[in-house]
Student: 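Please read through the structure below; I'll follow up with questions.
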Amino acid sequence: MNDCIFCKIIKQEIPCYKVYEDSDCLAFLDINPMCKGHTVVIPKKHYALITEMEEKDLSSLMNGVQKVAKALMDYGESVNIIQNNGPYAGQVINHVHIHVVPRNKDDGLHLGQWRTTKFENMDEIKEEIKKLF
Ligand code: AMP
Ligand code: ZN
């Protein structure tokens, strides 16, 4: 946690392009943006995974995300909200962060356009997942 780059940003030990802050979260431009205005929103309290977050911290993070998304809806025409958990989901920074990505007509990004697969055993899959709650 001490060497967490996003904790260092919160402590202002390293700089960021801050766009929004409140008592619980911070939003700043992604340093390697996929498009102009690509922003990440982070909780001020360190959590590695969204699944570990306390309800009140998650709730205030999502409030911050919504505020940023509203601003970026005005910056562009649409937004994608993306959150990676774990290495196979593409998580590189182990401090929870939510990407808010402004989108525009013909911007050439292909987020949200995934390859689909047909499963014959949807009932079985549903039961497997229901057991995990
Ligand atoms: P993820 O793949 O979901 O873990 O995304 C981590 C994101 O953090 C990447 O998009 C990086 O470009 C971004 N990032 C890493 N270091 C910084 C930094 N110092 N300031 C802003 N964004 C960063
Ligand atoms: Zn951290």
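All heavy atoms count here, side chains included; hydrogens, waters and symmetry mates do not. Both ligands and their constituent atoms are indexed starting at 1 by order of listing. Small disclaimer: the values here were computed from a predicted structure and weren't measured.
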Student: Indicate the atoms forming the closest heavy-atom contact of S60 with C25, along with that distance.
Tutor: O-SG, 4.4 Å
Student: Would you say the side-chain atoms of K44 pair up with the backbone N or O of D22, donor to acceptor, closer than 3.5 Å?
Tutor: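 Here the side-chain-to-backbone pair exists.
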Student: Between Q91 (side chain only) and I93 (backbone N and O only), is there a donor and an acceptor less than 3.5 Å apart?
Tutor: yes
Student: With rounding to 10 degrees, what does the angle C4:SG / the Zn ion (ligand 2) / C7:SG come to?
Tutor: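 Answer comes to 120°, rounded to 10°.
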Student: For L58, does its backbone N or O pair with a side-chain atom of Y47 as donor and acceptor, under 3.5 Å?
Tutor: no
Student: Taking the Zn ion (ligand 2) as the vertex, measure the angle between atom ND1 in H95 and atom ND1 in H46; round to 10°.
Tutor: 100°
Student: Quick one: closest heavy-atom pair of P102 and C35, and the distance?
Tutor: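 Residues P102 and C35, closest heavy atoms: O-SG, 3.2 Å.
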Student: How far does CD of E52 sit from NE2 of H46, to the nearest 0.5 angstrom?
Tutor: 7.5 Å
Student: One line per pair, note the atom names and distance for all nitrogen or oxygen contacts under 3.5 Å between ligand 1 and the protein.
Tutor:
unit_1	atom_1	unit_2	atom_2	d
ligand 1	2 (O)	G90	O	2.7
ligand 1	3 (O)	N84	ND2	2.9
ligand 1	3 (O)	H97	NE2	2.7
ligand 1	3 (O)	H99	NE2	2.8
ligand 1	4 (O)	V92	N	2.6
ligand 1	4 (O)	I93	N	3.0
ligand 1	4 (O)	H97	NE2	2.9
ligand 1	5 (O)	H97	NE2	3.1
ligand 1	5 (O)	H99	NE2	3.3
ligand 1	10 (O)	D30	OD1	3.2
ligand 1	10 (O)	D30	OD2	2.5
ligand 1	12 (O)	D30	OD1	2.5
ligand 1	22 (N)	I31	N	3.1

Student: In this structure, is the centre-to-centre distance between the rings of H97 and H99 below 6.0 Å?
Tutor: yes
